[in-house]
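In listed order, ligands and their atoms are each counted from 1.
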Amino acid sequence: MLTIMQWAQHCPLTLEFDTASEVSEELLYLKKKEGYVGKHSRQYRDFVFKEDDVLTLTYPKSGTHWMIEILSLIRTKGDPKWIQSVPIWDRSPWIEILNMYEALEAQEGPRLITSHLPIQLLPKSLFTSKAKVIHLIRNPKDVLVSGYFFSKVCSSFEQVASLQEHFERFLQGNVLCGSWFEHTQGWMSMRGKESYLMLHYEELKRDTRSTIEKICQFLGKTLEPEEMNSVLKHSSIQAMRDNKMSNYTLMDGSNFNLKNGPFLRKGVSGDWKNHLTVAQAEAFDRMFQEKMAGLPPELFPWD
Ligand SMILES: Nc1ncnc2c1ncn2[C@@H]1O[C@H](COP(=O)(O)OS(=O)(=O)O)[C@@H](OP(=O)(O)O)[C@H]1O
């Protein structure tokens, strides 16, 4: 029996797997994480996804919370009462966090569920159920930069001395949730399934309305024009910064330290250009070409 993961120190979840072969190399670093506590969670593997579940699936720092806010507002047809009264992590709990997992199990459907896990660590019922998966991806250079700043705010992230150190760890997959390249390719293997929708942060940013329409179509929902306007208004980054149920001020002082930066930082595409050197960007691009060779370039519509 091999225990491989503790998510966060304040809400420890550990998954146990029967054989080492079930553990991808890129996740092994998690075993070394300080404060690591083994805890048997075979039950997790038996979690039953239901057909009316909607799973937001992201590599960390790809726009997860934005998507949850949008899905919450679609559910209420733009009425902000729910998002303004229930914390974002209770509206769409992370399946890999133990206390949230337990809440999810007890929850009546339809459920919003979130995960940052790579595909091989999701309970198997996901792949036989009709639960819908929204896989949001983002330019990994922006993901990298966002993660660097977030590491100063959230102690679950690897504490690093410099952006260069974070850069090297990111390319090696030696960061929370492992290699972006493998995580992304893994989930992209669901392309073509009716229950899978892949979206880009950049597309959501460039044309939020059309992307929300696409989400509604995928979910079989319709919004009246004024309901759509309300979804747009209340899921804007400024509205989320002003919403204490979404800005993590309720978590400040736990493993979040908002003195070191806001939870909702810039919320733009292309911020990597302000932080990565030309040499870093070139090294990144070489790695990208190598790792993602064979996938159509239109899957990655960013510069
Ligand atoms: N409404 C809205 N509009 C635009 N951008 C937004 C929005 N909400 C969150 N964000 C940006 O998403 C980044 C955080 O991603 P995640 O929510 O996936 O982070 S986490 O891993 O779940 O902690 C983080 O990106 P950076 O600003 O580049 O750090 C957030 O600012």
State the CG-CG distance between Leu122 and Leu57, to the nearest 0.5 angstrom.
6.0 Å

Contact region, Met240 to ligand 1, non-hydrogen atoms below 4.0 Å, reads side chain

Aromatic Phe263 / basic Lys61 pairing, under 6.0 angstrom, 45° off normal:
yes

Side chain, backbone, both or neither: which part of Ser236 has a heavy atom under 4.0 Å from ligand 1?
backbone

If you measure every N or O of Gly63 against every N or O of ligand 1, does any of those distances drop under 3.5 Å?
yes

By number and element, which atoms of ligand 1 are closer than 4.0 Å to a non-hydrogen atom of Pro60?
21 (O)

Region of Tyr201 engaging ligand 1 - heavy atom pairs below 4.0 Å:
side chain

Show me which atoms of ligand 1 lie under 4.0 Å from any heavy atom of Thr64.
16 (P), 17 (O), 18 (O), 22 (O)

So is His116 in contact with ligand 1, going by heavy-atom distances below 4.0 Å?
yes

Do the side-chain N and O atoms of Glu213 and Gln217 include a donor-acceptor pair separated by under 3.5 angstrom?
no

Among protein heavy atoms, which sits nearest to atom 30 (C) of ligand 1, and what does the distance come to when rounded to 0.1 Å?
Arg265 N, 4.3 Å

Determine whether Thr114 and His65 make a side-chain contact, defined as any pair of heavy atoms from C-beta on separated by less than 4.5 Å.
no

Could you tell me the residue and atom name of the protein heavy atom closest to atom 19 (O) of ligand 1, and the distance to it rounded to 0.1 Å?
Lys61 NZ, 3.1 Å

Backbone, side chain, both or neither: what part of Met67 comes under 4.0 angstrom of ligand 1, heavy atoms only?
neither

Using heavy atoms and a threshold below 4.0 Å, how should the contact between Ser62 and ligand 1 be classified: side chain, backbone, both, or neither?
backbone

Which residue from His65, Gln238, Lys205 reaches closest to atom 22 (O) of ligand 1 through any of its heavy atoms?
His65

What is the closest protein heavy atom to atom 9 (C) of ligand 1, and at what distance does it sit?
Leu264 CD2, 3.3 Å

Proximal atoms of ligand 1 relative to Ser146 (non-hydrogen, under 4.0 Å):
24 (C), 25 (O), 26 (P), 28 (O), 29 (O)

For Glu298, look at atom CD and say whether over 12 heavy atoms of other residues, nucleotides or ligands are found less than 6.0 Å away.
yes

Mind telling me whether His275 and Phe149 have parallel, tilted or perpendicular rings, with 30° and 60° as the class edges?
perpendicular

Which atoms of ligand 1 are found less than 4.0 Å from any heavy atom of Ser235?
1 (N)

Distance in Å, Leu73 CG paired with Arg91 CZ, rounded so as to fall on 0.5 Å steps
7.5 Å

How close does the nearest protein non-hydrogen atom get to atom 13 (C) of ligand 1, and which residue and atom is it?
Arg138 NH1, 3.6 Å

Look at the aromatic rings of His135 and Tyr196 and report parallel, tilted or perpendicular, splitting at 30° and 60°.
tilted

Could you tell me how the ring of Trp302 sits relative to the ring of His200: parallel (under 30°), tilted (30 to 60°) or perpendicular (over 60°)?
perpendicular

Check the orientation of Tyr59 and Phe170. Use parallel for under 30°, tilted for 30 to 60°, and perpendicular for over 60°.
perpendicular

